[in-house]
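For reference, the structure is listed below as C-alpha coordinates.
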Amino acid sequence: MPDQMPSQPTIDLQELDRMRPPDEARAIVLDHVRCLPEESVPLADASWRVLARDLVAPEDHPPFPASTMDGYAVVAADGSPWREVLGEQMAGALLDVEVTEGTAVRIMTGAPMPPGADAVVRVEATEPTEGHVIIHQEEVGAGDNIRSIGSDVRRGDRILAAGAVLGPAEIGLVAGMGINPVVVRRRPRVSVISTGDELVEPGDAVGPGQIRDSNRFSLVTALRAEGAEITYAGKAPDERAALEALFAERIASDDVVITSGGVSMGDLDLVKAVLFDAPDVTVHFRRLYMKPGKPLNFATAGGAGSALIFGLPGNPVSSLVTFELLIRTALRAMAGMPAIERPRVPVTLSHEVAPTDRIEFQRAIVAVAPEGHLVARATGAQASSRLQSFLGANALLVIPPREFPYPAGERVDAILLSAPVQA
Ligand code: AMP
Ligand code: MG
(Lines give C-alpha, C1' and ligand atoms only; values in the text may rest on other atoms or scores of the structure.)
(Ligands and ions follow the chains in the order given, each with its own letter.)
Protein backbone atom coordinates (compact mmCIF):
# COMPACT_ATOMS: atom_id res chain seq x y z
CA MET A 1 0.00 0.00 0.00
CA PRO A 2 1.34 3.46 -0.80
CA ASP A 3 2.27 5.65 2.15
CA GLN A 4 -0.57 7.88 3.10
CA MET A 5 -0.09 11.54 3.89
CA PRO A 6 -0.84 12.12 7.58
CA SER A 7 -4.21 13.78 7.71
CA GLN A 8 -3.99 17.47 8.63
CA PRO A 9 -6.09 18.37 11.64
CA THR A 10 -8.82 20.67 10.39
CA ILE A 11 -8.26 24.19 11.56
CA ASP A 12 -11.24 26.31 12.47
CA LEU A 13 -10.12 29.59 10.94
CA GLN A 14 -13.02 31.49 12.40
CA GLU A 15 -12.04 30.39 15.88
CA LEU A 16 -8.35 31.06 15.21
CA ASP A 17 -9.16 34.63 14.19
CA ARG A 18 -11.74 35.29 16.90
CA MET A 19 -10.77 38.43 18.77
CA ARG A 20 -9.60 37.18 22.14
CA PRO A 21 -10.16 39.37 25.21
CA PRO A 22 -6.71 40.01 26.73
CA ASP A 23 -7.47 37.88 29.80
CA GLU A 24 -8.42 34.90 27.64
CA ALA A 25 -5.30 35.38 25.53
CA ARG A 26 -3.15 35.50 28.63
CA ALA A 27 -4.70 32.30 29.95
CA ILE A 28 -3.89 30.55 26.65
CA VAL A 29 -0.30 31.78 26.79
CA LEU A 30 0.10 30.68 30.42
CA ASP A 31 -1.27 27.26 29.49
CA HIS A 32 1.75 26.78 27.26
CA VAL A 33 4.38 28.08 29.64
CA ARG A 34 6.92 25.61 30.92
CA CYS A 35 9.17 26.33 33.87
CA LEU A 36 12.76 27.12 32.95
CA PRO A 37 15.39 24.60 34.04
CA GLU A 38 17.44 25.13 37.19
CA GLU A 39 21.08 26.08 37.29
CA SER A 40 23.57 26.62 40.06
CA VAL A 41 25.35 29.99 40.10
CA PRO A 42 27.93 31.53 42.42
CA LEU A 43 26.30 33.94 44.85
CA ALA A 44 28.38 36.80 43.46
CA ASP A 45 26.61 36.37 40.10
CA ALA A 46 23.13 35.75 41.49
CA SER A 47 21.84 39.33 41.85
CA TRP A 48 18.22 39.65 40.63
CA ARG A 49 18.04 35.99 39.65
CA VAL A 50 15.00 33.91 40.61
CA LEU A 51 15.32 31.19 43.25
CA ALA A 52 14.42 27.77 41.93
CA ARG A 53 13.81 26.08 45.27
CA ASP A 54 12.73 26.99 48.78
CA LEU A 55 15.71 27.83 50.98
CA VAL A 56 15.80 26.43 54.48
CA ALA A 57 18.17 27.92 57.06
CA PRO A 58 21.02 25.46 57.64
CA GLU A 59 22.01 27.19 60.89
CA ASP A 60 20.82 29.62 63.55
CA HIS A 61 21.46 33.30 63.15
CA PRO A 62 23.11 34.77 65.08
CA PRO A 63 25.06 31.59 65.78
CA PHE A 64 26.10 32.90 69.22
CA PRO A 65 24.51 35.32 71.72
CA ALA A 66 25.77 38.74 70.68
CA SER A 67 25.73 42.22 72.11
CA THR A 68 23.52 44.74 70.30
CA MET A 69 25.30 47.69 71.96
CA ASP A 70 28.72 49.03 72.79
CA GLY A 71 28.94 48.76 76.57
CA TYR A 72 29.79 46.35 79.36
CA ALA A 73 28.86 42.70 79.66
CA VAL A 74 27.78 42.03 83.23
CA VAL A 75 25.87 39.71 85.53
CA ALA A 76 22.41 41.30 85.65
CA ALA A 77 21.65 40.28 89.23
CA ASP A 78 24.83 41.95 90.50
CA GLY A 79 23.70 45.11 92.32
CA SER A 80 27.08 46.73 92.94
CA PRO A 81 27.90 49.93 91.02
CA TRP A 82 31.64 49.15 90.83
CA ARG A 83 32.91 46.36 88.60
CA GLU A 84 36.41 45.27 87.82
CA VAL A 85 36.99 45.28 84.04
CA LEU A 86 38.46 41.93 82.95
CA GLY A 87 39.16 42.87 79.34
CA GLU A 88 37.72 43.96 75.98
CA GLN A 89 35.53 41.70 73.90
CA MET A 90 35.66 42.78 70.24
CA ALA A 91 33.61 41.29 67.42
CA GLY A 92 35.27 38.33 65.77
CA ALA A 93 37.34 36.72 68.54
CA LEU A 94 36.50 35.13 71.87
CA LEU A 95 38.03 36.45 75.09
CA ASP A 96 39.01 33.73 77.55
CA VAL A 97 37.40 35.13 80.71
CA GLU A 98 34.41 34.39 82.93
CA VAL A 99 32.26 37.31 84.05
CA THR A 100 31.18 36.97 87.67
CA GLU A 101 29.57 39.30 90.22
CA GLY A 102 31.81 42.32 90.74
CA THR A 103 33.34 42.06 87.26
CA ALA A 104 32.52 43.23 83.74
CA VAL A 105 33.91 42.98 80.22
CA ARG A 106 33.99 45.92 77.83
CA ILE A 107 32.04 44.70 74.77
CA MET A 108 31.40 45.99 71.24
CA THR A 109 28.27 45.72 69.10
CA GLY A 110 28.07 42.32 67.44
CA ALA A 111 30.66 40.74 69.74
CA PRO A 112 29.90 37.38 71.41
CA MET A 113 28.82 37.46 75.05
CA PRO A 114 31.62 36.29 77.32
CA PRO A 115 30.78 33.30 79.54
CA GLY A 116 28.99 34.21 82.77
CA ALA A 117 27.58 37.53 81.52
CA ASP A 118 23.82 37.72 80.91
CA ALA A 119 23.30 41.43 80.12
CA VAL A 120 24.96 44.39 78.46
CA VAL A 121 24.85 47.87 79.99
CA ARG A 122 25.09 50.58 77.32
CA VAL A 123 28.31 52.58 77.44
CA GLU A 124 26.27 55.78 77.86
CA ALA A 125 25.12 54.50 81.28
CA THR A 126 28.65 53.80 82.50
CA GLU A 127 31.74 55.67 83.62
CA PRO A 128 35.19 54.16 83.26
CA THR A 129 37.78 54.58 86.00
CA GLU A 130 41.23 53.00 86.47
CA GLY A 131 40.68 49.23 85.93
CA HIS A 132 37.01 49.55 86.87
CA VAL A 133 33.71 50.78 85.53
CA ILE A 134 30.90 52.49 87.40
CA ILE A 135 27.42 51.39 86.36
CA HIS A 136 24.94 54.29 86.50
CA GLN A 137 21.93 52.16 85.70
CA GLU A 138 19.67 51.10 88.56
CA GLU A 139 17.89 48.18 86.95
CA VAL A 140 19.75 45.74 84.72
CA GLY A 141 17.60 42.94 83.36
CA ALA A 142 18.87 39.53 82.29
CA GLY A 143 19.02 39.47 78.47
CA ASP A 144 19.26 43.26 78.12
CA ASN A 145 20.89 44.28 74.81
CA ILE A 146 21.61 40.70 73.76
CA ARG A 147 20.56 39.01 70.56
CA SER A 148 20.09 35.38 71.51
CA ILE A 149 21.08 32.44 69.31
CA GLY A 150 18.65 32.09 66.41
CA SER A 151 16.71 35.24 67.33
CA ASP A 152 16.88 36.46 63.70
CA VAL A 153 16.70 33.12 61.90
CA ARG A 154 16.03 29.67 63.36
CA ARG A 155 17.75 26.68 61.84
CA GLY A 156 15.18 24.83 59.70
CA ASP A 157 13.07 27.93 59.02
CA ARG A 158 12.12 28.51 55.39
CA ILE A 159 13.92 31.78 54.77
CA LEU A 160 12.96 32.24 51.11
CA ALA A 161 10.39 30.60 48.83
CA ALA A 162 11.02 29.36 45.31
CA GLY A 163 10.26 32.17 42.89
CA ALA A 164 11.79 34.85 45.10
CA VAL A 165 13.90 37.41 43.27
CA LEU A 166 17.36 37.80 44.80
CA GLY A 167 17.39 41.52 45.56
CA PRO A 168 19.64 43.16 48.16
CA ALA A 169 17.89 41.80 51.26
CA GLU A 170 17.32 38.33 49.84
CA ILE A 171 20.86 37.84 48.65
CA GLY A 172 22.22 39.15 51.96
CA LEU A 173 20.12 36.59 53.78
CA VAL A 174 21.43 33.81 51.52
CA ALA A 175 25.02 34.99 52.03
CA GLY A 176 24.52 35.19 55.80
CA MET A 177 23.40 31.57 55.80
CA GLY A 178 26.53 30.51 53.95
CA ILE A 179 24.59 29.19 50.95
CA ASN A 180 26.88 29.46 47.93
CA PRO A 181 26.37 28.58 45.08
CA VAL A 182 22.62 29.08 44.88
CA VAL A 183 20.13 27.25 42.65
CA VAL A 184 18.19 29.61 40.38
CA ARG A 185 16.12 29.38 37.20
CA ARG A 186 18.06 29.69 33.99
CA ARG A 187 17.40 33.07 32.39
CA PRO A 188 14.92 32.85 29.52
CA ARG A 189 16.64 32.84 26.11
CA VAL A 190 14.82 35.27 23.90
CA SER A 191 15.31 36.45 20.33
CA VAL A 192 13.89 39.66 18.92
CA ILE A 193 13.32 40.08 15.18
CA SER A 194 12.02 43.23 13.54
CA THR A 195 10.40 42.43 10.23
CA GLY A 196 9.75 44.80 7.35
CA ASP A 197 11.45 45.86 4.12
CA GLU A 198 11.05 49.48 5.20
CA LEU A 199 13.34 49.14 8.22
CA VAL A 200 16.85 50.57 8.36
CA GLU A 201 19.37 50.67 11.19
CA PRO A 202 19.18 53.74 13.43
CA GLY A 203 22.67 54.77 12.30
CA ASP A 204 21.88 54.56 8.57
CA ALA A 205 20.35 57.11 6.19
CA VAL A 206 16.67 56.60 5.44
CA GLY A 207 15.60 56.48 1.79
CA PRO A 208 12.11 57.25 0.49
CA GLY A 209 9.48 55.27 2.37
CA GLN A 210 11.94 53.87 4.87
CA ILE A 211 11.84 54.17 8.64
CA ARG A 212 14.32 53.25 11.32
CA ASP A 213 13.86 50.09 13.33
CA SER A 214 12.88 51.14 16.81
CA ASN A 215 10.93 48.10 18.04
CA ARG A 216 13.99 45.92 18.36
CA PHE A 217 15.59 48.39 20.76
CA SER A 218 12.42 48.92 22.78
CA LEU A 219 11.75 45.22 23.11
CA VAL A 220 15.34 44.31 23.98
CA THR A 221 15.28 46.96 26.71
CA ALA A 222 11.95 45.72 28.08
CA LEU A 223 13.30 42.16 28.02
CA ARG A 224 16.49 43.07 29.85
CA ALA A 225 14.44 44.62 32.63
CA GLU A 226 12.85 41.18 33.04
CA GLY A 227 16.19 39.43 33.24
CA ALA A 228 16.03 37.78 29.80
CA GLU A 229 19.11 36.69 27.92
CA ILE A 230 18.94 38.16 24.42
CA THR A 231 20.27 35.42 22.15
CA TYR A 232 19.64 37.24 18.90
CA ALA A 233 18.38 40.67 17.88
CA GLY A 234 18.12 41.61 14.24
CA LYS A 235 16.01 42.56 11.26
CA ALA A 236 14.34 40.36 8.68
CA PRO A 237 13.00 41.33 5.27
CA ASP A 238 9.42 40.75 4.12
CA GLU A 239 10.53 37.62 2.35
CA ARG A 240 9.16 34.15 2.94
CA ALA A 241 12.31 32.06 2.70
CA ALA A 242 14.30 34.39 4.93
CA LEU A 243 11.59 34.41 7.58
CA GLU A 244 11.18 30.63 7.45
CA ALA A 245 14.89 30.09 7.90
CA LEU A 246 15.16 32.55 10.75
CA PHE A 247 12.15 31.09 12.57
CA ALA A 248 13.50 27.56 12.22
CA GLU A 249 16.86 28.62 13.60
CA ARG A 250 15.52 30.63 16.54
CA ILE A 251 12.84 28.11 17.52
CA ALA A 252 15.53 25.45 17.81
CA SER A 253 17.50 27.30 20.47
CA ASP A 254 15.29 29.87 22.22
CA ASP A 255 12.62 29.75 24.89
CA VAL A 256 10.80 32.72 23.39
CA VAL A 257 10.89 34.12 19.85
CA ILE A 258 9.49 37.60 19.37
CA THR A 259 8.89 39.29 16.05
CA SER A 260 7.33 42.64 15.33
CA GLY A 261 5.49 43.56 12.18
CA GLY A 262 4.04 41.46 9.40
CA VAL A 263 0.92 40.23 11.17
CA SER A 264 -1.85 42.47 9.77
CA MET A 265 -3.82 42.11 6.54
CA GLY A 266 -1.24 43.48 4.09
CA ASP A 267 0.08 41.48 1.14
CA LEU A 268 3.55 41.37 2.68
CA ASP A 269 2.40 40.48 6.17
CA LEU A 270 4.28 37.23 5.95
CA VAL A 271 4.95 36.43 9.60
CA LYS A 272 1.35 35.34 9.91
CA ALA A 273 1.59 33.13 6.82
CA VAL A 274 4.96 31.64 7.70
CA LEU A 275 3.85 30.73 11.23
CA PHE A 276 0.61 29.25 9.93
CA ASP A 277 2.43 27.06 7.42
CA ALA A 278 5.48 26.12 9.48
CA PRO A 279 5.73 22.42 10.28
CA ASP A 280 5.82 21.78 14.02
CA VAL A 281 4.37 25.19 14.81
CA THR A 282 0.86 25.55 16.22
CA VAL A 283 -0.82 28.95 16.04
CA HIS A 284 -3.22 29.47 18.97
CA PHE A 285 -4.72 32.86 18.22
CA ARG A 286 -4.19 35.72 15.82
CA ARG A 287 -6.34 38.59 17.00
CA LEU A 288 -6.94 40.36 20.29
CA TYR A 289 -9.97 42.27 21.43
CA MET A 290 -7.84 45.20 22.48
CA LYS A 291 -6.40 48.47 21.29
CA PRO A 292 -3.59 48.84 20.49
CA GLY A 293 -2.45 45.34 19.57
CA LYS A 294 -5.29 43.69 17.67
CA PRO A 295 -3.23 41.61 15.22
CA LEU A 296 -1.07 39.45 17.46
CA ASN A 297 -0.04 35.92 16.58
CA PHE A 298 0.69 33.52 19.39
CA ALA A 299 2.15 30.15 18.49
CA THR A 300 4.18 27.36 20.02
CA ALA A 301 6.77 25.15 18.44
CA GLY A 302 5.98 21.50 18.86
CA GLY A 303 9.56 20.26 18.88
CA ALA A 304 11.76 19.43 21.83
CA GLY A 305 12.38 23.06 22.77
CA SER A 306 8.71 24.01 22.68
CA ALA A 307 9.42 27.71 22.23
CA LEU A 308 6.74 30.35 22.70
CA ILE A 309 6.38 32.52 19.60
CA PHE A 310 4.89 35.99 19.72
CA GLY A 311 4.26 37.77 16.42
CA LEU A 312 3.66 41.29 17.69
CA PRO A 313 2.10 44.05 15.62
CA GLY A 314 4.57 46.47 14.03
CA ASN A 315 3.48 49.74 15.51
CA PRO A 316 5.86 50.66 18.32
CA VAL A 317 3.20 51.26 20.96
CA SER A 318 1.29 48.11 20.02
CA SER A 319 4.37 45.97 20.40
CA LEU A 320 5.18 47.42 23.83
CA VAL A 321 1.63 47.21 25.18
CA THR A 322 1.31 43.59 24.09
CA PHE A 323 4.75 42.85 25.52
CA GLU A 324 3.48 44.17 28.85
CA LEU A 325 0.24 42.21 28.86
CA LEU A 326 1.37 38.88 27.46
CA ILE A 327 5.12 38.41 27.24
CA ARG A 328 6.18 39.86 30.57
CA THR A 329 3.57 37.70 32.28
CA ALA A 330 4.83 34.63 30.44
CA LEU A 331 8.47 35.31 31.32
CA ARG A 332 7.62 35.61 34.99
CA ALA A 333 5.58 32.43 34.92
CA MET A 334 8.49 30.62 33.25
CA ALA A 335 10.72 31.70 36.12
CA GLY A 336 8.22 30.37 38.65
CA MET A 337 7.59 33.78 40.19
CA PRO A 338 4.48 33.96 42.39
CA ALA A 339 3.41 37.48 41.30
CA ILE A 340 3.29 37.43 37.53
CA GLU A 341 0.86 40.32 37.06
CA ARG A 342 1.29 44.03 37.58
CA PRO A 343 -0.99 45.44 40.28
CA ARG A 344 -4.39 46.54 39.02
CA VAL A 345 -6.01 49.35 40.98
CA PRO A 346 -9.06 51.61 40.63
CA VAL A 347 -8.18 55.20 39.67
CA THR A 348 -10.24 58.36 39.13
CA LEU A 349 -10.10 59.92 35.67
CA SER A 350 -9.04 63.57 35.71
CA HIS A 351 -10.55 64.17 32.25
CA GLU A 352 -13.08 62.68 29.87
CA VAL A 353 -12.03 59.58 27.95
CA ALA A 354 -13.73 58.45 24.74
CA PRO A 355 -14.06 54.65 24.48
CA THR A 356 -13.35 52.71 21.29
CA ASP A 357 -14.72 49.47 19.87
CA ARG A 358 -12.21 47.33 21.79
CA ILE A 359 -10.73 47.31 25.32
CA GLU A 360 -8.29 50.17 25.10
CA PHE A 361 -5.10 50.33 27.12
CA GLN A 362 -4.30 54.01 27.39
CA ARG A 363 -0.89 55.10 28.61
CA ALA A 364 -1.35 57.32 31.65
CA ILE A 365 0.23 58.98 34.63
CA VAL A 366 -1.29 57.90 37.94
CA ALA A 367 -0.73 60.27 40.86
CA VAL A 368 -1.60 60.16 44.56
CA ALA A 369 -4.05 63.00 45.18
CA PRO A 370 -3.69 65.06 48.41
CA GLU A 371 -6.72 63.18 49.81
CA GLY A 372 -4.91 59.89 49.21
CA HIS A 373 -6.81 58.40 46.27
CA LEU A 374 -5.29 57.76 42.85
CA VAL A 375 -5.94 60.11 39.94
CA ALA A 376 -5.12 59.29 36.31
CA ARG A 377 -4.33 61.46 33.33
CA ALA A 378 -3.67 60.00 29.87
CA THR A 379 -0.42 60.97 28.16
CA GLY A 380 -1.83 62.87 25.20
CA ALA A 381 -2.63 61.39 21.78
CA GLN A 382 -2.88 57.61 21.99
CA ALA A 383 -1.93 56.72 18.39
CA SER A 384 -0.23 53.33 18.25
CA SER A 385 2.67 54.86 16.31
CA ARG A 386 3.31 57.54 18.95
CA LEU A 387 5.94 56.27 21.39
CA GLN A 388 5.77 59.56 23.29
CA SER A 389 2.52 58.27 24.74
CA PHE A 390 4.70 55.91 26.81
CA LEU A 391 7.02 58.64 28.10
CA GLY A 392 6.53 59.19 31.81
CA ALA A 393 3.61 56.75 31.78
CA ASN A 394 3.40 54.65 34.93
CA ALA A 395 0.12 52.92 34.10
CA LEU A 396 -2.13 51.50 31.44
CA LEU A 397 -5.74 52.58 31.88
CA VAL A 398 -8.20 49.84 31.04
CA ILE A 399 -11.04 51.41 29.02
CA PRO A 400 -13.72 48.88 28.00
CA PRO A 401 -15.94 49.78 25.05
CA ARG A 402 -19.33 51.36 25.75
CA GLU A 403 -21.82 53.68 24.07
CA PHE A 404 -20.92 56.91 25.88
CA PRO A 405 -17.73 58.60 27.14
CA TYR A 406 -16.10 58.07 30.52
CA PRO A 407 -16.48 61.46 32.21
CA ALA A 408 -13.88 63.08 34.46
CA GLY A 409 -14.33 61.71 37.97
CA GLU A 410 -15.33 58.21 36.85
CA ARG A 411 -13.35 55.30 38.23
CA VAL A 412 -11.61 52.89 35.89
CA ASP A 413 -8.97 50.22 36.40
CA ALA A 414 -5.29 50.98 35.90
CA ILE A 415 -2.47 48.48 35.49
CA LEU A 416 0.44 49.99 37.37
CA LEU A 417 3.74 49.75 35.49
CA SER A 418 5.59 51.55 38.27
CA ALA A 419 4.78 53.40 41.48
CA PRO A 420 2.27 56.29 41.40
CA VAL A 421 3.77 59.77 41.45
CA GLN A 422 2.97 62.43 44.05
CA ALA A 423 0.33 64.86 42.70
P1 AMP B 1 3.22 46.07 10.04
O2 AMP B 1 2.60 45.42 11.22
O3 AMP B 1 4.41 45.37 9.50
O4 AMP B 1 2.21 46.39 9.00
O5 AMP B 1 3.74 47.47 10.58
C6 AMP B 1 2.82 48.42 11.12
C7 AMP B 1 3.49 49.75 11.27
O8 AMP B 1 4.54 49.68 12.19
C9 AMP B 1 4.12 50.30 10.00
O10 AMP B 1 3.94 51.70 9.97
C11 AMP B 1 5.57 49.98 10.17
O12 AMP B 1 6.39 50.81 9.42
C13 AMP B 1 5.75 50.15 11.64
N14 AMP B 1 6.84 49.30 12.10
C15 AMP B 1 6.95 47.99 11.82
N16 AMP B 1 8.08 47.50 12.36
C17 AMP B 1 8.68 48.53 12.99
C18 AMP B 1 9.89 48.65 13.75
N19 AMP B 1 10.67 47.59 13.93
N20 AMP B 1 10.22 49.84 14.25
C21 AMP B 1 9.40 50.91 14.07
N22 AMP B 1 8.25 50.86 13.38
C23 AMP B 1 7.89 49.68 12.84
MG1 MG C 1 5.56 45.22 7.88
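One-based numbering, in listed order, for ligands and for the atoms of each.
Within the structure, salt bridge (charged side-chain N to carboxylate O under 4.0 Å, His left out) pairs that include any residue of residues 320-349 comprise R26-E341, E226-R328, E226-R332, E324-R342, R344-D413 (at least two apart or interchain).
For D70 and R122, the salt-bridge test fails: no basic side-chain N is under 4.0 Å from an acidic carboxylate O. Ion pairing of D17 with R287 is absent here, as no side-chain N (NZ or NE/NH1/NH2) approaches a carboxylate O to less than 4.0 Å. Taking 4.0 Å as the cut-off between side-chain N and carboxylate O, E201 and K235 count as a salt-bridged pair.
Annotation: atom 21 (C) of ligand 1 to nearest protein heavy atom, S214 OG, 3.4 Å. Counting protein heavy atoms only, atom 5 (O) of ligand 1 is closest to G314 CA, 3.7 Å. Looking only at heavy atoms of the protein, atom 7 (C) of ligand 1 is closest to N315 OD1, 3.6 Å. Annotation: atom 18 (C) of ligand 1 to nearest protein heavy atom, N215 ND2, 3.2 Å. Nearest protein heavy-atom neighbour of atom 11 (C) of ligand 1: E198 OE2, 3.2 Å. Given atom 22 (N) of ligand 1, the protein heavy atom at minimum distance is I211 CD1, 3.3 Å.
R189 places no side-chain N or O within donor-acceptor distance of the main-chain N or O of I230, the cut-off being under 3.5 Å.
Near S194, with a cut-off below 4.0 Å to any heavy atom, the atoms of ligand 1 are 19 (N). For ligand 1, the atoms closer than 4.0 angstrom to any heavy atom of D213 are 18 (C), 19 (N), 20 (N).
The side chain of S264, and not its backbone, has at least one atom closer than 4.0 Å to an atom of ligand 1 (non-hydrogen atoms only; side chain from C-beta on). The part of R212 lying near ligand 1 is the backbone, judged by heavy-atom distances below 4.0 Å.
Residue M113 holds its CE atom at 6.5 Å from OG of S67, rounded to the nearest 0.5 Å.
With sequence neighbours excluded, the residues forming a ring pair (Phe, Tyr, Trp, His ring centres under 6.0 Å) with F310 are F298, listed by chain and number.
For G262, the closest heavy-atom approach to ligand 1 falls below 4.0 Å.
Under 3.5 Å, the side chains of R216 and S194 contain no donor-acceptor pair of N or O atoms.
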